[in-house]
Amino acid sequence: MTTATATAPADLRALIGAPDLIPLAACLARSHGLAAMPAAYAAAVAECATHAVWEGAGGSTPYAQWLATVPEAVIAAAVDLAVAAARDGHEVALRHLACTRAVLDAIATQLGH
């Protein structure tokens with residue numbers, strides 16, 4: 001699996017938290033060698049998974065503030081799983097999304113989020 005280390009995790013956090021996912025998709029296209037559509041899909045999966053965990057944690061803290069507390073390695077892992085989902089196709093992508101959410105939920109629980 002290709003890792004997201006080509007992009008600094010802090011940059012990934014800012015890109016995932018941005019209202020427009022096009023810059024994140026462009027970043028993933030460059031750093032992971034994805035075509036435009038798979039990169040857009042990966043960006044959406046990464047944002048969807050992190051947003052779902054935030055909502056699962058109650059969503060009482062503003063999303064950007066909550067996202068700032070998520071460890072950088074978790075952000076990178078979410079992106080890696082999203083990139084894998086984009087590469088593997090739709091059926092497998094749904095399993096990756098569920099896995100990503102489960103991993104993030106477990107980490108959020110451990111962190112008390």
Side-chain angles (χ1 to χ4, degrees):
M1 181 186 313
T2 304
T3 63
T5 56
T7 304
D11 294 340
L12 289 174
R13 180 182 288 119
L15 292 169
I16 287 174
D20 181 0
L21 293 179
I22 292 172
L24 176 58
C27 172
L28 297 179
R30 283 188 309 275
S31 65
H32 290 75
L34 297 174
M37 288 305 291
Y41 181 80
V45 168
E47 193 285 328
C48 182
T50 55
H51 203 269
V53 172
W54 169 71
E55 288 176 349
S60 58
T61 303
Y63 179 63
Q65 184 179 345
W66 174 83
L67 193 58
T69 68
V70 177
E72 292 175 356
V74 173
I75 298 292
V79 169
D80 282 345
L81 288 168
V83 167
R87 288 190 171 133
D88 290 341
H90 183 70
E91 285 300 314
V92 174
L94 294 175
R95 289 192 296 269
H96 279 286
L97 180 57
C99 179
T100 300
R101 179 165 184 191
V103 167
L104 291 172
D105 275 337
I107 292 168
T109 299
Q110 287 293 323
L111 295 174
H113 288 284

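Quick note: numbers below take in every heavy atom, side chains included, and nothing from hydrogens, waters or symmetry partners.
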Classify the ring geometry between His51 and Tyr63 as parallel (under 30°), tilted (30 to 60°) or perpendicular (over 60°). tilted
Between Thr69 and Leu111, does the side chain to side chain contact (heavy atoms under 4.5 Å, CB included) criterion hold? Intermediate values first, please. CA-CA 9 Å; Thr69 68; Leu111 295 174; over 6 Å; no
Looking at Arg13 and Ala76, would you say the former's side chain and the latter's main chain have a donor-acceptor pair under 3.5 Å? no
Check: Trp54 side chain, Ala49 main-chain N or O, donor-acceptor pair, under 3.5 Å: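 Judged by distance alone, no pair lies under 3.5 Å.
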Partner of Arg101 under side-chain contact (heavy atoms from CB on, under 4.5 Å), chosen from Leu104, Asp105, Val103: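 The single option meeting the side-chain contact (heavy atoms from CB on, under 4.5 Å) with Arg101 is Asp105.
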Output for pair (Ile16 CD1, Asp11 CG), nearest 0.5 Å, gives 11.0 Å
Any heavy-atom pair between the side chains of Leu34 and Tyr41 that's under 4.5 Å? no
Please find the pair of heavy atoms, one from Leu28 and one from Ala39, that lie closest to each other, and give the distance.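 Answer, listing the atom of Leu28 first, then Ala39: CD1-O, 4.1 Å.
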Please report the closest heavy-atom contact between Ala82 and Ala46, naming both atoms and the distance.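 Shortest heavy-atom contact: CB-N, 3.6 Å.
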When hydrophobic residues are tied together by side-chain contacts of less than 4.5 Å, even through go-betweens, does Ile22 share a cluster with Leu24?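 Shared cluster, no.
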Side-chain heavy atoms nearer than 4.5 Å, only ILVMFWY residues, links allowed to pass through others: does that put Met37 and Leu97 together?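 In one cluster: no.
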Verdict with reasoning, Glu72 to Leu12, per side chain to side chain contact (heavy atoms under 4.5 Å, CB included): CA-CA 9 Å; Glu72 292 175 356; Leu12 289 174; over 6 Å; no
Test side chain to side chain contact (heavy atoms under 4.5 Å, CB included) on Leu67 and Ile75 and set out the steps. CA-CA 9 Å; Leu67 193 58; Ile75 298 292; 3.7 Å; yes
Residue pair Val70, Thr50: steps toward the side chain to side chain contact (heavy atoms under 4.5 Å, CB included) verdict: CA-CA 9 Å; Val70 177; Thr50 55; over 6 Å; no
